[in-house]
Each structure stands twice: as structure tokens, then as C-alpha cells.
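Note sheet for the following structure.
Counting starts at 1 for both ligands and their atoms, following the listed order. Small disclaimer: the values here were computed from a predicted structure and weren't measured.
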Amino acid sequence: MRLLVTGGAGFIGSNYIRYALSAHPDCYIINLDRLTYAGNLENLKDIESSARYEFIKGDICDRKLLEDLEFDAILNFAAESHVDRSILDAAPFLQTNIAGTHTLLETARQRGCILVHVSTDEVYGSAEKGLFSENSPLLPNSPYAASKASSDLLVRAYVETHGVRAMITRCTNNYGPYQFPEKLIPLVILNAISGKPIPVYGDGMNVRDWIYVEDHCRAVDAVLHRGRAGEIYNVGSGNEMPNIELIRLLLGKIADELGMHEKDGLSGLITFVKDRKGHDRRYAIDPAKIERELGWRAETGFEDGITRTIRWYIDNRRWWERIISGEYMKYYDVQYGERLGR
Ligand code: NAD
Ligand code: TYD
């Protein structure tokens, strides 16, 4: 099977490519990525010379480029993915997440090929209580979530109108190796290692459900191979935690891994800052459908996943030092300069 993986130089896409090349000895992967600030070919250094892999630098909005490629299925990971950036400037989110998905839908329609559209639980908005199912209403609150919800609705329309064989996955918050350090978990790990303040938005009681990235990759793969066309699958591991609890747990583990004796040294870095605008209080989905229909289940316990993640960042200092020494620091200053009183 020839797979077109879009956004494969990002966090989840690169983990998926590594997973698929090893799980499916017969698959060939074309990685199409524009290499935005979040795309990093170093994420794929260990597999870049595989005879079953090729990289193409390009935009998912480029219809002509897509017409020239040969593939049997599309996995769409490409997106602008960070809520805070969508608050600063929504325009790139509308372009890539909506117009880009539309281009891929047109391509899938023309070819008659499968499209797995990787979406997010954030399209449902904030879960005041209970769990969202695939039939819950779409009530996105951030420009990022609204752009993903829009793309999901386009996918639905192409299924209904044109019979495109597309499926949608809606996953909870991922963590693991190669995550860009603007997201909460890598930000906490790197700031703790560097002795920098750890910015906690609002009261720190916002709840997220954390899943290890490899479990998400296996879920996307299960949907590609066994999913029913036109269906939506919620993906999660039922591992809900308020941010402040997660941060304290992380700091304890980082101190252990660094062999620090006085754990309190790290908790002194916690700094409560001005809240994110429109900050969703809680995300929580029910993954019963994918578990029941496709036999998928999250396998990585949080203790295990988080320890592996912390060790990966400690062992791969060169990877993140190159990121934080470059363009990323300009964003960091805009996002946190005033909040941290600099
Ligand atoms: P990421 O920001 O790490 O990676 C996105 C990748 O897409 C980057 O490599 C970037 O260069 C590429 N890209 C951006 N615009 C492009 C364009 N126009 N054409 C081609 N490539 C482009 O994101 P991620 O965390 O890996 O997320 C991947 C997908 O999973 C996204 O669709 C996101 O909405 C979804 N998702 C993420 C999470 C999470 O916790 N990270 C949870 C659920 C769903
Ligand atoms: P994030 O990793 O940006 O994912 P998302 O907004 O898509 O859930 O943030 C996870 C949670 O952590 C969210 O409630 C916002 C919070 N947060 C902070 O408190 N401080 C930070 O510096 C960041 C980046 C996030």
C-alpha cells in the first residue's frame, strides 16, 4: 500500500511514519510536509534512508502537486495545531486546516482513494460533565478548534455528497517524543531542565485527557485498515488530570530522573500567569466505539509513557536545543514576555 502521509515531519505524523514502517513491511510512505515552524526533518533522521520512504516538501493546498503523486490512501496529519498561536493569528489555521483539507478531499474524490482525517476532541468544546460521543454537537471555542470542526464538516459533506471514502479520528491531548516544545508537557520538561519559570494559565484546574502518541498512531492505523467509510472515531485513554496536578507530577519525575535530592527546587518554578482567552475547562471523550468496533485500546500506562517521554527529552538535548535557539524564541517572547513580567 502506498500511503500519502501529510504533516509527517510534525510530532504525531513522524511518530506515525516510524510506527507504520515497522508495523507494515509492505507499505510505502510519501511524506508531504510544508515544513512550517513545527515541521522538522530531524524527527525522521533514523528512517530517512529507508527504501520504503520518501519526503516531498510541499503544501496540502497545492492541488497540482497532489495530482502528480501516486498513492492509495491519504492520512492527513498536516495542520496548524497550537491553540495559543490561533489566538494570536487565526489566518494560517483557516488556510491549512480548512482549505488544505478541502484540497485533499478533492484529490480523494478524483482518485477514489481512502482519506483518514486526523482531528481533535477540541471540536466538541468544553465538557462541563460526562464524556463526549461521536454524536455530540460541535461547539468549538478556539480559532484552532473552529478550523478543525470546519474541516470535519467538509469531510462529512464530501462523504454525503460525493461518496468519498473518508473517516475522521478525534483524539485527546497527545504526549511523547518529538513534540514541539510550545505544547504543555515538553514546555514543562524543558523549562524544568533549564531552571526557567513554568507558566500555568489561570488557576491550573483545566482538565485534559492525556494519551501516549504511539497509542494514537495505532488508532489512526486501525481506522485506515479496518474503519468504516464515513465514520467518526473518538480516541482517548481516559487519563484525565487538572494541569496543575500534571505539572507537579512531572516535576517530581523530572527531579528523580535528574537525580535531584531536593524535589521542592523544581516546584518553585511554577508561576501562575494570565489565563488563555476562551480557555476550555475540560476535554473528555468516550472511546467505546473504536474499542468495540476496531478492537483498539490505549496500551501505554501514564506512568510508563511519561517516564519514557521525560527520558527522551533528557537524552535528546541537541534536538530541542536547536529548536529553542531559533525562530521559536520569538514566539516564546510574544506569548510569555508580558505574562512572566519581562
Ligand atoms: P504539529 O504542529 O507537530 O505538526 C503539523 C505538521 O504539519 C508540521 O510538520 C507542519 O510542517 C505540517 N504542515 C502545516 N501546514 C502544512 C501545509 N499547509 N501543508 C503541508 N504540511 C503542513 O502537529 P501534531 O501535534 O503532530 O498534530 C497532527 C494532527 O493531529 C493535527 O491535525 C492536529 O490537529 C491533530 N491532533 C493533535 C493532537 C495533539 O495533542 N498534538 C491531539 C489530537 C489531534
Ligand atoms: P496545550 O499543550 O497547548 O494543549 P491544548 O490547548 O490543545 O489542550 O495545553 C494543554 C493545557 O495546558 C491547556 O489547558 C493549556 C495549559 N497550558 C498552560 O497552563 N501553560 C502553558 O504554557 C501552555 C502551553 C498550556
Side-chain angles (χ1 to χ4, degrees), residues 5-16 31-41 43-44 56-62 65-66 75-87 92-93 95-97 99-101 103-104 117-123 126 141-142 144-145 147-148 151-152 169-176 178-188 191 197-211 213 216-217 219-220 235-236 241-244 246-247 270-276 278-283 285 332 335-336 339-340:
V5 174
T6 70
F11 165 47
I12 305 173
S14 63
N15 276 283
Y16 177 79
N31 173 13
L32 174 67
D33 197 296
R34 212 184 92 189
L35 297 183
T36 66
Y37 77 93
N40 184 355
L41 289 178
N43 296 0
L44 295 155
I56 293 174
K57 183 174 184 314
D59 196 315
I60 57 166
C61 302
D62 186 343
L65 170 64
L66 288 159
L75 282 96
N76 182 28
F77 292 94
E80 288 294 333
S81 69
H82 189 37
V83 174
D84 288 326
R85 286 186 192 252
S86 79
I87 296 166
F93 290 73
Q95 180 61 17
T96 286
N97 299 3
T101 303
T103 311
L104 296 176
H117 178 61
V118 180
S119 191
T120 165
D121 62 349
E122 302 193 25
V123 297
S126 196
N141 292 315
S142 72
Y144 161 67
S147 69
K148 294 296 289 188
S151 64
D152 288 10
T169 59
R170 292 186 180 144
C171 190
T172 58
N173 286 58
N174 285 221
Y175 69 95
Y178 301 102
Q179 187 166 29
F180 195 83
E182 66 189 355
K183 304 280 169 66
L184 181 67
I185 288 184
L187 186 87
V188 170
N191 283 16
I198 290 162
V200 183
Y201 296 159
D203 62 3
M205 289 308 290
N206 302 69
V207 172
R208 297 292 182 267
D209 173 7
W210 296 95
I211 184 170
V213 63
H216 183 196
C217 293
V220 171
V235 180
M241 231 181 286
N243 292 336
I244 189 67
L246 168 72
I247 292 167
I270 292 176
T271 311
F272 288 90
V273 299
K274 195 167 137 222
D275 208 351
R276 172 189 277 173
H279 194 176
D280 283 330
R281 199 64 176 164
R282 173 173 172 255
Y283 295 139
I285 55 93
Y332 197 87
Q335 179 65 14
Y336 297 109
R339 279 184 158 102
L340 292 171

Exercise. Should His117 and Thr169 be marked as a side chain to side chain donor-acceptor pair (under 3.5 Å) after you check the CA-CA gap, both sets of side-chain angles, and the distance that decides it?
Worked result: CA-CA 6 Å; His117 178 61; Thr169 59; over 6 Å; no

For this session: Find all atoms of ligand 1 within a distance of less than 4.0 Å from any non-hydrogen atom belonging to Asn173, and give their numbers and elements.
Result: 40 (O)

Problem set entry | Gly58 near ligand 1 by a heavy-atom separation under 4.0 Å | yes

For this session: Check each atom of ligand 1 against the heavy atoms of Leu35 and keep those under 4.0 Å away; list them by number with element.
Result: 11 (O)

For this session: Kindly give the heavy-atom pair with the smallest separation between Ile211 and Cys171, and that separation in Å.
Result: CG2-SG, 3.7 Å

Problem set entry | Full working for side chain to side chain donor-acceptor pair (under 3.5 Å) between Arg85 and Tyr37 | CA-CA 12 Å; Arg85 286 186 192 252; Tyr37 77 93; 3.2 Å; yes

For this session: Note the single closest protein heavy atom to atom 32 (O) of ligand 1, along with its residue, its atom name and the distance in Å.
Result: Lys148 NZ, 2.7 Å

Exercise. Under 3.5 Å, is there a donor-acceptor pair between the side chain of Ser126 and the main chain of Asp280?
Worked result: no

For this session: Give the intermediate values and the outcome of side chain to side chain contact (heavy atoms under 4.5 Å, CB included) for residues Asn174 and Phe11.
Result: CA-CA 9 Å; Asn174 285 221; Phe11 165 47; 3.5 Å; yes

Problem set entry | Under-4.0 Å salt bridge between Lys57 and Asp33 | no

Problem set entry | Closest heavy-atom pair and its distance - Val213, Gly176 | CG1-CA, 4.1 Å

Exercise. Nearest heavy-atom pair of Pro197 and Thr271: which atoms, and what distance?
Worked result: CB-OG1, 3.6 Å

Problem set entry | Pi-cation contact, Phe272 with Arg339 (under 6.0 Å, within 45°) | no

Exercise. Between Asp121 and Thr172, does any side-chain donor sit less than 3.5 Å from a side-chain acceptor?
Worked result: no

Exercise. When you measure from atom 8 (C) of ligand 1 to every protein heavy atom, which one gives the shortest distance, and what is it?
Worked result: Asp33 OD2, 3.6 Å

Exercise. What is the minimum heavy-atom distance between Asn31 and Gly7, and which atoms define it?
Worked result: OD1-C, 4.3 Å

For this session: May I ask whether Val118 has any heavy atom positioned less than 4.0 angstrom from an atom of ligand 1?
Result: yes

Exercise. When you measure from atom 41 (N) of ligand 1 to every protein heavy atom, which one gives the shortest distance, and what is it?
Worked result: Ile12 CD1, 3.7 Å

For this session: Run the salt-bridge test on Glu122 and Arg170 with the 4.0 Å N-O cut-off and return the result as yes or no.
Result: no

Exercise. Among all protein non-hydrogen atoms, which one is nearest to atom 23 (O) of ligand 1, and what is the separation to 0.1 Å?
Worked result: Ser81 OG, 3.2 Å

Seminar exercise, completed: Ranked by distance from atom 43 (C) of ligand 1, the top protein heavy atom is Cys171 O, 3.4 Å

Problem set entry | Ligand-side contact atoms (ligand 1) for residue partner Thr36, heavy atom cut-off under 4.0 Å | 10 (C), 11 (O), 14 (C), 15 (N)

Exercise. Can you tell me the protein heavy atom closest to atom 19 (N) of ligand 1 and the distance?
Worked result: Ile60 N, 3.0 Å

Exercise. For atom 22 (C) of ligand 1, which of Ser151, Ser119, Ala78, Gly10 has the closest heavy atom?
Worked result: Ala78

Seminar exercise, completed: heavy-atom search around atom 42 (C) of ligand 1 in the protein gives Thr172 O, 3.3 Å

Exercise. Looking at ligand 1, does Gly8 have a heavy atom less than 4.0 Å from it?
Worked result: no

Exercise. For ligand 1, is any non-hydrogen atom under 4.0 Å from Thr6's backbone (N, CA, C, O), its side chain (CB onward), both, or neither?
Worked result: neither

Exercise. What do you reckon, does Ala9 put a non-hydrogen atom under 4.0 Å from ligand 1?
Worked result: yes

For this session: Check side chain to side chain donor-acceptor pair (under 3.5 Å) between Tyr16 and all other residues, then give those that pass, not counting sequence neighbours.
Result: Asp221

Exercise. For Phe77, does its backbone N or O pair with a side-chain atom of Thr6 as donor and acceptor, under 3.5 Å?
Worked result: yes

Exercise. Do Ser147 side-chain atoms and Tyr144 backbone N/O form a donor-acceptor pair below 3.5 Å?
Worked result: yes

Exercise. Taking atom 21 (N) of ligand 1 as the point of reference, which of Glu122, His216, Arg85, Arg34 owns the nearest heavy atom?
Worked result: Arg34

Seminar exercise, completed: For Ala79 and Asn97 the tightest heavy-atom approach is CA-OD1, 3.3 Å

Problem set entry | Geometric N/O contact Asn76 with ligand 1, under 3.5 angstrom | no

Exercise. Does some non-hydrogen atom of Asn40 fall short of 4.0 Å from ligand 1?
Worked result: no

Exercise. Is there at least one pair of N or O atoms, one from Thr120 and one from ligand 1, spaced under 3.5 Å apart?
Worked result: no

Seminar exercise, completed: Judged by heavy atoms only, the candidate from Phe77, Tyr144, Phe11 nearest atom 33 (C) of ligand 1 is Tyr144

Seminar exercise, completed: Here the pair of heavy atoms bringing Val118 nearest to Lys148 is O-NZ, 3.0 Å

Problem set entry | Nearest protein heavy atom with distance in Å, relative to atom 5 (C) of ligand 1 | Ala79 O, 3.4 Å

Please give the N or O to N or O pairs under 3.5 Å between ligand 2 and the protein, distances rounded to 0.1 Å.
unit_1: ligand 2; atom_1: 2 (O); unit_2: Leu184; atom_2: N; d: 2.9
unit_1: ligand 2; atom_1: 3 (O); unit_2: Arg276; atom_2: NH2; d: 3.0
unit_1: ligand 2; atom_1: 4 (O); unit_2: Asn173; atom_2: ND2; d: 3.3
unit_1: ligand 2; atom_1: 6 (O); unit_2: Arg276; atom_2: NH1; d: 2.5
unit_1: ligand 2; atom_1: 6 (O); unit_2: Arg276; atom_2: NH2; d: 3.3
unit_1: ligand 2; atom_1: 7 (O); unit_2: Glu122; atom_2: OE2; d: 2.5
unit_1: ligand 2; atom_1: 8 (O); unit_2: Asn173; atom_2: ND2; d: 2.9
unit_1: ligand 2; atom_1: 8 (O); unit_2: Arg208; atom_2: NE; d: 2.7
unit_1: ligand 2; atom_1: 12 (O); unit_2: Asn243; atom_2: ND2; d: 3.4
unit_1: ligand 2; atom_1: 14 (O); unit_2: Arg208; atom_2: NH2; d: 3.2
unit_1: ligand 2; atom_1: 14 (O); unit_2: Asn243; atom_2: ND2; d: 2.9
unit_1: ligand 2; atom_1: 14 (O); unit_2: His279; atom_2: NE2; d: 2.7
unit_1: ligand 2; atom_1: 19 (O); unit_2: Tyr201; atom_2: N; d: 2.9
unit_1: ligand 2; atom_1: 20 (N); unit_2: Pro199; atom_2: O; d: 2.8
unit_1: ligand 2; atom_1: 22 (O); unit_2: Pro199; atom_2: O; d: 3.4
unit_1: ligand 2; atom_1: 22 (O); unit_2: Tyr336; atom_2: OH; d: 2.6

